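Inspection log for the structure reproduced underneath, given as structure tokens.
Note that this is a predicted model, so its numbers are computed, not measured. Indexing begins at 1, ligand by ligand and atom by atom, following the structure's order.
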Amino acid sequence: MSTKHIFDSQSIALDNALRSANALNPTLCVDIPRGIVYDTRPPSPHRSVSVVAGGGSGHNPCHENLVGKGLLQASVSGHIFASPSSSQIVQAIERTPSHHAILLIINQYTGDRLNFNLAAQRARHTGRIVHTVTVGDDVSLPPTAIAKVGRRGLTANPLTCKVAAAAAERGLDIDSVRRIAEAVAQNVATIGASPEHCHLPGRSAAEAHTHPDTYVELGLGIHNEPGAKTVKDDTSPTKLIGDMLRSTLTSPYVDFKDGDKVILVVNNLGGLSLLELYAVVGVASDLLSKEHNMKPMRTLADSFMTSLNMPGFSLSLVNVTAADGLVRDTGVSILELLHDPTTVSAWPEMGGTLSDYESAGCMKHEGLVRRDAKMQEHSPPHRMVQAVPSTQDTSTRRQLIAAIITSACDAVLAVEPDLTRWDTVAGDGDCGTTLSSGATALKGALQRDEIPLHSYKELFHALSIVVETSMGGTAGALFALYFGAFANAVEEDVADGARKALDQLKLFTSARVGDRTLMDALIPFCNHLNHGVMYAAQQATKGAENTATMTATLGRAAYCTGNDDSLTVPDPGATGVSAILMGIAECFQN
Ligand SMILES: Nc1ncnc2c1ncn2[C@@H]1O[C@H](COP(=O)(O)OP(=O)(O)O)[C@@H](O)[C@H]1O
Ligand SMILES: O=C[C@H](O)COP(=O)(O)O
């Protein structure tokens, strides 16, 4: 076991973890290739809403182990730490009762937002009613640092799933269920801490970050991005937990007023001993009482949103009074919904009756803090990309296009190790795998003669579909959107098609040159195409190199700006795109 895991291969671990959903609850069906788990029981007759959620794998029980009566109707999982593709999500929606409206609960990460919103649009085209709620609860970074990406989605996601699904199970309509989900999502403040990062199955154990003189990293995400702060060895657990509680109570994101009722959630990030998890609960409860005169209405301690084997925890405070205030007209309370029964074994037994907790005290908290509105990227409507059949075309143009695609794919496969290393420093480590999955799928489709080469429109439609189904993550969604827009725009002038497709892509992402994303390579390429493909590709390469000194404001890297190393490595997405473009240009030269 050179990688120090029981499962050395990510795909074997993922497939078997998915399979567990059915083993633990035989009423669930598992579609392993599509990463979907869904409930096969006939829904209660009074129900009109299904709640569906998902995201990258590696966060169990999110989300495949949260499907079942009283919780999710279906879940959909991508590769480790990478969003599922929009077609996977559409198929998860299709596994819900056809007369149900859908609430899609989206974790606030770029890939998830792009792919889930695209899927919502596609499902609406087929006549389904789909509403979305995006969840972000991290308080570790200031509003200025995350102005464009928004707060990361952490423990608030499964809490929102539980409460929304309970509302659906009670027969509430889609508007009420969505509003209840939003009310919870907006009123959770979370911060994480861990002495070590997590370690991906199949990767060398030496790749896990270690910090010999560090007690913990504070303000960690769930994808191995470094903490917002490093806490040195001389700090005690009481001081650490006290600081974390203060961060949640005084953050600019959630207001906590005197007398507000709260729920405390202590979340195991995946690898913390249960002894230590419960010790955190003890210290946190004591500090809330002594320092803040607070007794939570309810305290939950379990694994809700994990990060593989990360040996740390996160603390969340939910402002129940504020959330209830937003949805009083629905006639239900957040606490009741949290307490409603579920057959999902991964959800902790609530124990006791609701009234056992009603008499618990309220909080008193002196500081009054303001909520800052969070900024989010806008996702406009997108036309659905149609699959096209392959044709037999043996012309010279066909051979040239095939050679260009092969050269572009080989170029990105060659830089994969660098992309993985750089994304590990300034992201979540999956960019190399995501791009190489796309390249391998495209080469395979080409070899099987599944890529139509006789028409640019059909070619780009097919490219969009192959990358969309094989990549996932932020890069997969952006590539699919770009190729899809290319297919719509292109006539005989390919350079003109490239520029028009870029204009369309800009509607889906606010990233421009200077934001440290793949747009730093793509924009100069499109802008210089009138000077020849090689010159344009060289400009893309320069653009990608320039990202090494840029500060990211978008994507996962935006959460890593405190990590000095991230300033010295180029953006992996931009480097991948420049490698692809150079691969294309070299083919033209030859
Ligand atoms: N909002 C954005 N717009 C354009 N490109 C982005 C954006 N966010 C991230 N990226 C690009 O995506 C790359 C990461 O892709 P990927 O690994 O698929 O992301 P993730 O794992 O976060 O989904 C980054 O290196 C960056 O170039
Ligand atoms: O687990 C990871 C997230 O759910 C997916 O987000 P991402 O595609 O933006 O990395």
Any Ala82 heavy atom less than 4.0 Å from ligand 1: no

Structural part of Asp515 in contact with ligand 1, heavy atom criterion under 4.0 angstrom: neither

Asp430-ligand 2 polar pair, N/O distance under 3.5 Å: no

Ligand 2 versus Ile80: contacting region, heavy-atom distance under 4.0 Å: neither

Under-4.0 Å salt bridge between Glu94 and Arg128: no

Nearest non-hydrogen partners of Ser407 and Gly583, listed with the distance: OG-O, 2.6 Å

Glu64 versus Ser77, side-chain donor and acceptor atoms under 3.5 Å: yes

Sub-3.5 Å N/O-N/O distance, Gly111 and ligand 2: yes

Contact partition for Thr110 relative to ligand 1, non-hydrogen atoms under 4.0 Å: side chain

Parallel, tilted or perpendicular, as decided by the 30° and 60° cut-offs, for the rings of His223 and His59: perpendicular

Least distance between heavy atoms, Leu442 atom then Cys409 atom: CB-SG, 3.8 Å

Proximity winner for atom 17 (O) of ligand 1, if only heavy atoms of Thr434, Asp430, Asn115 are counted: Asp430

Minimal non-hydrogen separation, Ser316 against Thr190, with atom names: OG-OG1, 2.7 Å

Protein contact to atom 10 (O) of ligand 2 [nearest heavy atom, distance to 0.1 Å]: Arg556 NH2, 2.9 Å

Lys542 atom NZ, over 12 foreign heavy atoms within 6.0 Å: no

From CA spacing to verdict: salt bridge (charged side-chain N to carboxylate O under 4.0 Å, His left out), Arg152, Asp137: CA-CA 6 Å; Arg152 288 178 280 208; Asp137 53 320; over 6 Å; no

Heteroatom distance test (Gly55, ligand 2): nitrogen or oxygen, under 3.5 angstrom: no

Close N or O approach (Tyr109, ligand 2; < 3.5 Å): no

Best match, Thr553, Leu478, Val577, Ile80: closest heavy atom to atom 4 (C) of ligand 1: Leu478

Asp496 and Lys500 ion-paired at < 4.0 Å: yes

Polar side-chain atom of Tyr109 near backbone of Gly153 as donor-acceptor pair, under 3.5 Å: yes

Polar proximity ligand 2 side, His59 side, N/O cut 3.5 Å exclusive: yes

Heavy-atom gap Thr110 to ligand 2 smaller than 4.0 Å: yes

Per-residue contact class, Thr509 against ligand 1 - non-hydrogen pairs under 4.0 Å: side chain

Nearest-contact summary for atom 3 (C) of ligand 2 - protein heavy atom, Å: Asp112 OD2, 3.2 Å

Location of contacts on Ser83 toward ligand 1, heavy atoms closer than 4.0 Å: neither

Shortest non-hydrogen separation from Pro201 to Gln10 and the atoms involved: O-CG, 3.0 Å

Under 3.5 Å: N/O of Gly573 near N/O of ligand 1: yes

